[in-house]
Structures are given as structure tokens and as C-alpha cells.
Amino acid sequence: MFIQSNFRFIFLFHTFLWSVAAVAENRTIDDRNGDSHTSEKPRYSPDNVWDGKGCTECTISLDESRAHDGDWSAATYRPSEMSSLNISFPFEGTSLYVYFILANDQGVGITEYTAVNFTLDGRHDGNFTHLPQTGKGLQYNASVYSVTGLPQARHDFLIDTSGPTIAWLNFDYAIYT
Ligand SMILES: *[C@@H]1O[C@H](CO)[C@@H](O)[C@H](O)[C@H]1NC(C)=O
Ligand SMILES: *[C@@H]1O[C@H](CO)[C@@H](O)[C@H](O)[C@H]1NC(C)=O
Ligand SMILES: *[C@@H]1O[C@H](CO)[C@@H](O)[C@H](O)[C@H]1NC(C)=O
Ligand SMILES: *[C@@H]1O[C@H](CO)[C@@H](O)[C@H](O)[C@H]1NC(C)=O
Ligand SMILES: *[C@@H]1O[C@H](CO)[C@@H](O)[C@H](O)[C@H]1NC(C)=O
């Protein structure tokens, strides 16, 4: 009797710990290193226009030490060259937070405008627009999207820029719960 109830206690205690851990865990999706849990990497389209640290022809120079995992994925959307510039990744969880790097004060003629639409599980779920402002410099770790309270399941997320306006897109990382 005693042994049996002890086992039951241990079982319940482990179930309790497991459920607390499951509720509390945040995981990262880095632009290059991908999902900290599954190693799955985001997909970038078109695939030949993206740059990160060490880019020599990029007009905007960034500070590696201020980017998550020391790197980022940036590209310029040019409506004459592509129909869409986009990033997609799956995540399995109930919340998602997405972080970009934004540009200001980079000089005349440099594209600093950022504009994207977000699509969650195939449905449009908001947009983000950044108009450059004098005196702000580069803004690292900029929160551009968040959603909470999703069903615990695998979700698909898409970030995309299309339409008539040239824009710069710099994805640094995402967090999901
Ligand atoms: C996960 O990260 C987000 C964004 O930083 C934060 O708001 C949230 O409280 C974190 N959740 C947990 C369980 O750590
Ligand atoms: C980004 O902001 C979070 C808090 O929101 C902080 O924990 C983290 O260290 C910041 N990362 C960088 C690279 O500044
Ligand atoms: C992503 O961009 C590529 C290249 O421009 C395009 O062919 C594709 O249709 C876009 N995907 C989505 C889901 O918008
Ligand atoms: C972008 O979001 C704002 C609200 O945040 C909304 O008023 C606007 O219509 C949206 N634009 C597009 C193109 O979806
Ligand atoms: C966002 O989506 C709306 C509606 O499809 C479109 O008119 C707009 O050009 C898109 N904006 C960007 C930045 O892709």
C-alpha cells in the first residue's frame, strides 16, 4: 500500500513538473541557425537576394554584437525584379514573437523603409510598416509581430513584402512558446 501510493505520488509529481516545463518554455528561431529545438531553418525567397554579416556590397552596415546570434538576414524588395520577397517557417506552440532590425539615418538614396504582411496558417494576420526617422540610427531587436493564445499545434508563418514600393527587410529572430 505504502509503496503503491509513493509511486503514485512520484508519477503525479513528474506529471506536474512536465506540465510546468511545457507551459514555461520559450524557444528561438534564429534567422540562420533556425529552430533551437528542431534545427529547422526558415526559408527565404527569392533565395539569391539575401545577405548577412560579412556582406561587402551592402549599403547598410550593422553591428554583429547587437544582433541575435551575431547575424541577420536582410534583402531589398525591388518590385521590378520580383513579385514577392518572403520568409516562412513553421513553429509548434501557442505564441510567436518576431524581431527585425530597422534602419534610419543611413544616407540619401538608401532604402530604409520596411513594410511587410504577416500570414499565420494561411490567413492574413496583420502588417508592419517602418518609416525612417531622423536621429534613431539602427534599431536592433525591434518587435514587429506577436500573437498569443494559439492552440498548441504546428503553425505556419509567412512574412512577405509585395506591392509597388521598394522596401528593406531584415529578419533577426523569432521566439515561440
Ligand atoms: C517568452 O518570450 C516573450 C517575448 O520576450 C515573453 O513576453 C514571454 O513572457 C516569454 N514566455 C516565457 C514562458 O518565458
Ligand atoms: C532583445 O531584447 C530582449 C528583451 O526584450 C533582451 O532579453 C535581449 O537581450 C535583447 N537582445 C539583444 C541582442 O539586444
Ligand atoms: C515568395 O517569393 C517568391 C519569389 O518572389 C514567389 O515566387 C512566391 O510566390 C512567394 N511566396 C509567397 C507565399 O508569397
Ligand atoms: C495594416 O494594419 C493596419 C492596422 O494595424 C490596418 O489599418 C491596415 O489596413 C493594414 N494594411 C494592410 C495593407 O493590410
Ligand atoms: C500587404 O497586403 C495588401 C493586401 O494584399 C497589399 O495591398 C499590400 O501591398 C501588401 N503590403 C506589402 C508591404 O506587401
Side-chain angles (χ1 to χ4, degrees), residues 15-38 40 42-51 60 65-104 106 110-133 139-177:
T15 306
F16 169 76
L17 281 184
W18 182 84
S19 61
V20 167
V23 167
E25 192 177 324
N26 261 355
R27 293 173 180 168
T28 305
I29 298 175
D30 180 60
D31 68 297
R32 301 267 158 165
N33 299 324
D35 190 312
S36 60
H37 188 69
T38 65
E40 194 162 345
R43 291 181 300 277
Y44 296 89
S45 291
D47 62 6
N48 57 347
V49 297
W50 297 86
D51 281 298
I60 298 179
S65 71
R66 299 192 58 196
H68 185 265
D69 275 2
D71 209 348
W72 56 86
S73 293
T76 301
Y77 167 71
R78 298 179 198 280
S80 58
E81 293 168 20
M82 58 194 87
S83 58
S84 160
L85 179 74
N86 55 73
I87 306 166
S88 58
F89 55 82
F91 65 96
E92 190 173 340
T94 58
S95 307
L96 180 72
Y97 308 84
V98 179
Y99 300 88
F100 282 6
I101 300 174
L102 304 173
N104 309 281
Q106 299 300 302
I110 295 178
T111 304
E112 300 170 327
Y113 174 69
T114 297
V116 292
N117 281 311
F118 301 110
T119 304
L120 178 66
D121 296 331
R123 290 177 156 217
H124 178 70
D125 193 33
N127 62 71
F128 173 80
T129 301
H130 166 72
L131 290 165
Q133 289 168 272
Q139 291 170 270
Y140 294 85
N141 222 3
S143 167
V144 297
Y145 174 89
S146 72
V147 65
T148 57
L150 301 173
Q152 169 62 38
R154 187 178 158 104
H155 302 280
D156 289 309
F157 193 65
L158 171 76
I159 301 169
D160 94 284
T161 302
S162 60
T165 314
I166 188 169
W168 186 66
L169 174 53
N170 185 324
F171 171 60
D172 190 8
Y173 70 105
I175 289 173
Y176 67 95
T177 311

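We count ligands from 1, going down the list as the structure has it; atoms in each ligand are counted the same way.
- Counting atoms of ligand 5 from 1 in the listed order, those under 4.0 Å from a heavy atom of Ala115 are 13 (C).
- Atom 10 (C) of ligand 4 has as its closest protein heavy atom Asn127 ND2, 2.4 Å.
- Atom numbering of ligand 1 starts at 1 in the shown order; those under 4.0 Å from a heavy atom of Tyr99 are 4 (C), 5 (O).
- At a distance under 4.0 Å, a protein heavy atom can be found next to atom 2 (O) of ligand 4.
- Protein heavy atoms are found less than 4.0 angstrom from atom 14 (O) of ligand 4.
- Shortest non-hydrogen contact noted between Gly34 and Pro42 is CA-CD, 4.0 Å.
- Per-residue contacts place Asn26 under 4.0 angstrom from the following atoms of ligand 1 (heavy atoms of the residue considered): 1 (C), 2 (O), 3 (C), 8 (C), 10 (C), 11 (N), 12 (C), 14 (O).
- In terms of N/O distances under 3.5 Å, ligand 5 is not approached by His124.
- In terms of modelled atom types and a separation under 3.5 Å, the side chain of Gln106 and the main chain of Glu112 share no donor-acceptor contact.
- With 3.5 Å as the limit, one finds a donor-acceptor pair spanning the side chains of Arg43 and Ser88.
- In terms of protein heavy atoms, atom 9 (O) of ligand 5 is closest to Gly163 CA, 4.0 Å.
- On a distance-only criterion, Thr161 and ligand 5 share no N/O pair closer than 3.5 Å.
- A donor and an acceptor atom, one from each side chain of Asp35 and Tyr176, are located under 3.5 Å apart.
- One distance of note links OH of Tyr113 with CG of Leu169; it measures 12.0 Å at 0.5 Å rounding.
- With a 4.5 Å cut-off on side-chain heavy atoms, Phe100 and Val116 count as touching.
- For the residue pair Asn141/His68, the side-chain donor-acceptor check at 3.5 Å is not satisfied.
- Under the 4.0 angstrom criterion, atom 5 (O) of ligand 4 counts as lacking any protein heavy-atom contact.
- Between Phe171 and Phe89, the ring-plane angle classifies as parallel under the 30° and 60° cut-offs.
- Annotation: atom 11 (N) of ligand 5 to nearest protein heavy atom, Asn117 ND2, 3.0 Å.
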